Structure formats: structure tokens, C-alpha cells
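For reference, the structure discussed in these notes is given below.
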Number of protein chains: 2
Amino acid sequence: MLSFTEENYLKTIYHLSDSGAKAVLTNEIAEAIQTKPASVTDMVKKLAIKNLIAYEKYYGVKITRQGKTEALTIIRKHRLWETFLVEKLGFNWGEVHDVAEQLEHIQSPLLIEKLDEFLGFPSADPHGHPIPDKNGKFKVARQIPLAEAIGKKAIVRAVKNSSPSFLDYLSKIGVYIGASLHVLAKMDFDASLEIQIDGKKKVYISKEASENILVTE
Amino acid sequence: MLSFTEENYLKTIYHLSDSGAKAVLTNEIAEAIQTKPASVTDMVKKLAIKNLIAYEKYYGVKITRQGKTEALTIIRKHRLWETFLVEKLGFNWGEVHDVAEQLEHIQSPLLIEKLDEFLGFPSADPHGHPIPDKNGKFKVARQIPLAEAIGKKAIVRAVKNSSPSFLDYLSKIGVYIGASLHVLAKMDFDASLEIQIDGKKKVYISKEASENILVTE
DNA sequence: TAAAAAGTTTAGATTACCCTAAAAAAATAA
DNA sequence: TTATTTTTTTAGGGTAATCTAAACTTTTTA
């Protein structure tokens with residue numbers, strides 16, 4: 001069984017390795033987990049002994065199949081709890097993360113299965129992030145242009161047009177791969193969209209831009 | 001802020017001092033918490049420094065007003081979570097303790113207020129134990145003879161007749177102060193009761209006995 | 001009430017996690 | 001390609017919670 005701390009490291013490493021097949025570096029983990037590189041080195045050795053990651057000195061860390069499975073059950077728990085907090089307890093979208101961060105460490109497989117059922121087996125959390133099923137698989141959602149997601153919440157997965165000027169524009173307004181967008185409204189006169197990013201900043205996006213951002217619901 | 005471990009000690013000390021105004025002894029705590037007396041001594045000093053208990057060497061420990069307040073918020077959380085698990089997730093009465101033992105340590109006052117509201121501000125958990133309100137007060141329930149609690153769940157508070165033979169009989173069938181009884185049925189022909197003790201053992205109790213056991217709903 | 005037993009505390013280790021400072025390796029720049 | 005900078009690891013400690021064994025109090029028993 002994993003400790004609270006080991007679970008946090010593993011989850012973080014999973015998220016950091018999500019984009020790209022490259023090894024995750026010590027400093028990245030330290031930054032993400034708000035700790036010192038020396039502490040990361042210690043923990044990373046422990047996780048390697050337990051076969052949850054492959055660790056090569058000075059090179060970095062890769063998550064193993066077994067580690068991925070563990071990480072996915074933690075993520076499943078996190079997202080189910082977030083869904084519960086918003087849907088059942090009436091929390092706001094932005095208030096749930098810290099509490100879910102604690103709840104994800106509760107150990108009880110039965111609890112999670114019952115919670116899943118109680119929530120009606122949701123496939124995404126309130127941010128639009130997919131919830132893995134009990135075998136660690138998520139439903140692969142089809143990518144659609146943001147322009148087709150009126151009124152919905154969606155996660156940015158890719159861009160069609162990857163010209164520097166477009167990417168620059170996106171980063172300027174705060175849109176990035178993985179961002180959670182809520183498409184609040186479509187303007188009739190020019191088909192521009194009003195969107196909310198990560199439950200916070202609201203911005204307007206032109207028709208052109210909205211057709212070049214690919215999202216999953 | 002208290003650690004997970006400090007919370008467990010405090011809650012245990014609260015429960016042990018519940019019956020009687022005597023000091024709680026090191027060995028009692030060690031027994032209850034499944035640890036060694038030496039460890040208890042260490043922790044008890046820490047809690048005393050934080051003014052949660054009064055500790056006198058070789059004599060024992062008494063919980064302070066401040067300690068009581070802390071203990072009651074933990075107990076409130078525990079009992080609200082137990083109620084949630086049974087009422088909303090469909091757990092059985094007997095399955096909830098271990099999970100609630102974990103959930104009671106989640107830190108978020110807002111979560112607890114929202115959970116309380118979601119559950120309809122219950123005044124007792126599924127075992128019949130009263131749930132303190134957010135100021136640590138519980139509704140003082142009136143004591144009634146068990147004979148008047150047909151179909152209900154109730155906690156044993158006292159006995160009217162305290163003859164040794166009656167007490168002996170009670171302990172033999174498994175009824176004790178604090179036990180949680182569910183009165184399943186009343187037999188028509190002799191007014192005896194079928195009861196379930198702590199969600200486990202089912203026994204029959206005579207009319208005489210049922211009139212001499214005082215309970216709160 | 002003195003001796004034995006029971007209960008409690010202290011001393012000294014252990015484990016998990018984290019830290020700082022210094023050493024070592026890898027990446028970058030001149 | 002050597003020197004400099006950056007990154008990572010090692011060495012050595014610190015704190016929280018636990019333990020065993022030995023020392024010390026208190027209670028019980030004879």
C-alpha cells in the first residue's frame with residue numbers, strides 16, 4: 001500500500017509525463033510538488049524499488065505500467081470526488097480542488113464504486129476532465145472544433161493551425177493544451193464565442209480562432 | 001492545526017472520559033489506540049502543551065474545554081460521514097466505521113457544513129449516536145424505556161433496576177451502556193422484543209427487561 | 001508496612017519524510 | 001574542447017511518531 005506522500009508523487013509524475021514520452025526530470029517534479037530536488041531524488045528511489053517508475057540517475061524518471069495503474073486510480077478518485085462536491089454539495093467549480101486533493105487518498109475500493117454509482121457513472125469531472133473507469137480506461141472522446149461546443153465544457157487538446165502567431169495569440173489570452181473551457185455564448189453577428197477559462201477569466205474568441213482549437217467534451 | 005495522529009488521540013481520550021469524571025489512564029489510551037504505553041506518554045505531553053488536555057505524571061489525563069471542542073468537531077465529522085455512507089451510498093450499518101475513521105480527518109469546514117445540509121441536518125448517525133452541531137452541542141434526547149422504542153434505533157443510556165442479577169443478564173446477552181439497539185419487532189403474545197445489538201447479534205428480551213433499559217432515540 | 005506486582009515514564013533507536021550544503025555529472029557557451 | 005553554468009545526487013541532519021528495555025512510581029498483597 002502506498003503512503004499519502006507516495007501517492008502524491010506518483011500522481012504528479014503521471015501528469016508530468018502525460019504530454020510527451022520523454023523522461024520526467026527531478027527539477028520538474030520538485031517544482032510541481034513544491035519541494036526540493038534532493039527530496040525528490042530520495043522519493044524517486046523509493047518508487048523505483050516498488051516498480052512504479054523507472055529511474056535512471058541524472059536522466060530522469062518514466063512511469064511504469066504498474067505505476068500508471070496506481071496513478072489512474074488516484075485520478076479516478078479525485079475526479080469522482082470533485083464531481084460529488086459540485087453536483088451534490090453545490091460547491092463552485094473553483095473551490096473543489098483542495099478538498100478533492102485530500103479525499104483522493106481515502107482507501108476504500110467499495111466507497112469509490114458506490115460513489116461512482118451514486119453519481120450516475122459520470123465520464124467527466126466538472127472541469128471536463130475524463131474520469132477513468134475502475135480498470136483505468138477512459139472513454140476516448142472525439143476531438144471537435146471549439147466552435148461546435150456551444151454551451152458546453154471542453155478540454156483543449158490540440159490546434160489545427162499551429163502558426164507561431166496563432167499560438168502566441170492563444171497564450172496571450174490564456175488558452176493552453178489541457179485548459180478547461182466553458183463556452184458561455186455565441187455572438188450572433190460575427191460568430192465569436194464568449195468563453196471562460198478554467199472557471200476564471202472570461203474572454204472573447206473570433207470565429208477563425210474557434211475553428212482552429214480542437215477540444216474534447 | 002492538529003495532525004491526523006493528534007486527532008485520533010484526542011478523540012479517543014474524549015470517548016474514554018465520557019463515562020465518569022475520573023482521569024484517563026495511560027494504559028487505557030494505549031489499549032484503545034492499539035499502541036504502547038510509552039508512545040502514549042509522548043503524545044500526551046504534546047497534547048498537554050497545546051492545552052487540549054491536562055496531564056499529571058503517573059496520575060492520568062483530563063480533557064480541557066478546548067480539547068473537548070476539538071474532539072466534538074471530529075466526532076461531528078465522523079457521524080455525518082457515517083450518515084452519508086448509509087443514507088446516500090447504501091452502505092450497511094456495520095461497514096461504515098473504517099471508512100468514516102478516514103473521512104473524519106478531512107480538513108474543510110465548508111465541506112462539513114455543506115454535507116450537513118445535504119443530509120438534512122440529521123441529529124443522529126445510523127447507529128443512533130447523536131451528531132453535535134457546529135458549536136459542539138447535541139440535542140439532549142429524553143430517556144425512554146426500550147419498550148417504547150418499537151421499530152426504532154436507540155442507544156442504551158441507563159438501567160432502572162440495577163440489581164446484580166439484571167446487570168449480569170444484560171452483559172450475558174451483550175447489552176451495555178452505549179450499545180446501539182435496533183428494536184426489530186414486538187411479540188404479540190408476551191410483549192417481548194426482538195432486538196439487534198450494534199448491527200450484529202439478534203436477541204429476544206422480555207417485557208420486564210425492556211421496561212428497565214433506558215434509551216435515547 | 002515491607003515486598004511484590006502493576007503501571008508509567010525515560011532513554012535510546014528506528015522509520016518516513018524533508019532539509020541544507022557540498023560534490024558530481026551533464027549541458028551550454030566561449 | 002575547455003570552461004562555466006545548470007542540474008542532480010550524496011552526505012549529514014532535523015522532526016514526528018513509533019518501539020524496546022530499563023528505571024521509576026504507585027498500588028496491591030502478604
Side-chain angles (χ1 to χ4, degrees), chain A residues 1-14 16-17 20-63 67 70-71 74 101-102 104-107, chain B residues 1-14 16-17 20-63 67 70-71 74 101-102 104-107:
Chain A
M1 235 211 45
L2 299 182
S3 73
F4 187 98
T5 312
E6 289 169 328
E7 288 197 345
N8 277 337
Y9 271 88
L10 199 59
K11 187 188 56 165
T12 302
I13 292 167
Y14 176 87
L16 291 172
S17 33
K22 286 201 296 293
V24 180
L25 304 175
T26 302
N27 270 6
E28 295 179 61
I29 300 170
E31 164 69 24
I33 240 161
Q34 288 289 68
T35 186
K36 303 292 164 183
S39 309
V40 173
T41 303
D42 284 354
M43 180 55 79
V44 133
K45 285 178 182 169
K46 262 184 64 179
L47 294 176
I49 287 166
K50 297 192 178 186
N51 262 305
L52 298 165
I53 57 176
Y55 166 56
E56 209 179 313
K57 256 193 179 183
Y58 293 104
Y59 167 73
V61 134
K62 272 182 184 161
I63 197 158
E70 288 286 351
I74 303 163
E101 204 78 350
Q102 297 180 63
E104 72 188 9
H105 299 291
I106 302 292
Q107 303 291 154
Chain B
M1 235 212 46
L2 299 181
S3 72
F4 187 98
T5 313
E6 289 170 328
E7 288 196 346
N8 278 336
Y9 271 88
L10 200 59
K11 187 188 56 164
T12 302
I13 292 167
Y14 176 88
L16 290 172
S17 34
K22 286 200 296 296
V24 179
L25 304 175
T26 302
N27 269 6
E28 296 180 59
I29 300 171
E31 165 69 25
I33 240 160
Q34 288 289 68
T35 186
K36 303 292 163 183
S39 310
V40 173
T41 303
D42 285 352
M43 179 55 79
V44 133
K45 285 177 182 170
K46 263 185 64 180
L47 294 176
I49 288 167
K50 297 192 178 185
N51 261 305
L52 299 165
I53 57 176
Y55 166 57
E56 209 179 313
K57 254 192 181 184
Y58 294 104
Y59 167 73
V61 132
K62 272 182 185 161
I63 196 158
E70 289 286 351
I74 302 163
E101 203 77 350
Q102 297 179 62
E104 72 188 9
H105 299 290
I106 301 292
Q107 302 292 155

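In what follows, chains are A, B, ... by sequence order, proteins preceding strands, each numbered from 1. As the structure is a prediction and not an experimental result, all values here were calculated from the model.
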**OP:** Inspect the surroundings of CD in A:E101 and state if more than 12 heavy atoms from other residues, nucleotides or ligands are less than 6.0 Å away.
**Re:** yes

Subject >> Other residues, nucleotides, ligands: >12 heavy atoms within 6.0 Å of B:K36 NZ >> reply: no

According to a strict under-4.0 Å criterion, is [X] in side-chain N/O contact with OP1 or OP2 of [N]?
{"X": "A:S3", "N": "C:dA16", "value": "no"}
{"X": "A:Y9", "N": "C:dC18", "value": "yes"}
{"X": "A:T5", "N": "C:dA16", "value": "no"}
{"X": "B:K57", "N": "D:dT26", "value": "no"}
{"X": "B:T26", "N": "C:dG7", "value": "no"}
{"X": "A:T41", "N": "D:dT8", "value": "no"}
{"X": "B:T35", "N": "D:dC19", "value": "yes"}

Can you tell me how far [atom2] of [N] sits from [atom1] of [X], to the nearest Å?
{"X": "A:E56", "N": "D:dT9", "atom1": "CD", "atom2": "P", "answer": "11 Å"}
{"X": "B:D42", "N": "C:dG12", "atom1": "CG", "atom2": "C1'", "answer": "12 Å"}
{"X": "B:L2", "N": "D:dA16", "atom1": "CG", "atom2": "C1'", "answer": "14 Å"}
{"X": "A:N27", "N": "D:dT9", "atom1": "CG", "atom2": "C1'", "answer": "11 Å"}
{"X": "A:Y58", "N": "C:dA24", "atom1": "OH", "atom2": "C1'", "answer": "4 Å"}
{"X": "A:K36", "N": "D:dT7", "atom1": "NZ", "atom2": "C1'", "answer": "15 Å"}

**OP:** Pick base, sugar-phosphate or nothing for B:F4, based on heavy-atom distances below 4.0 Å to the nucleic acid.
**Re:** nothing

**OP:** Determine the contact category for A:Y55: base if any of its heavy atoms lies under 4.0 Å from a base atom, sugar-phosphate if only primed atoms, P, OP1 or OP2 are that close, otherwise nothing.
**Re:** sugar-phosphate

**OP:** Look at B:K62 together with B:E56 and state whether they make a salt bridge at an N to O cut-off of under 4.0 Å.
**Re:** no

Original post:
Using 4.0 Å as the upper bound for N to carboxylate O, is an ion pair formed by B:K11 and B:E70?
Top reply: no

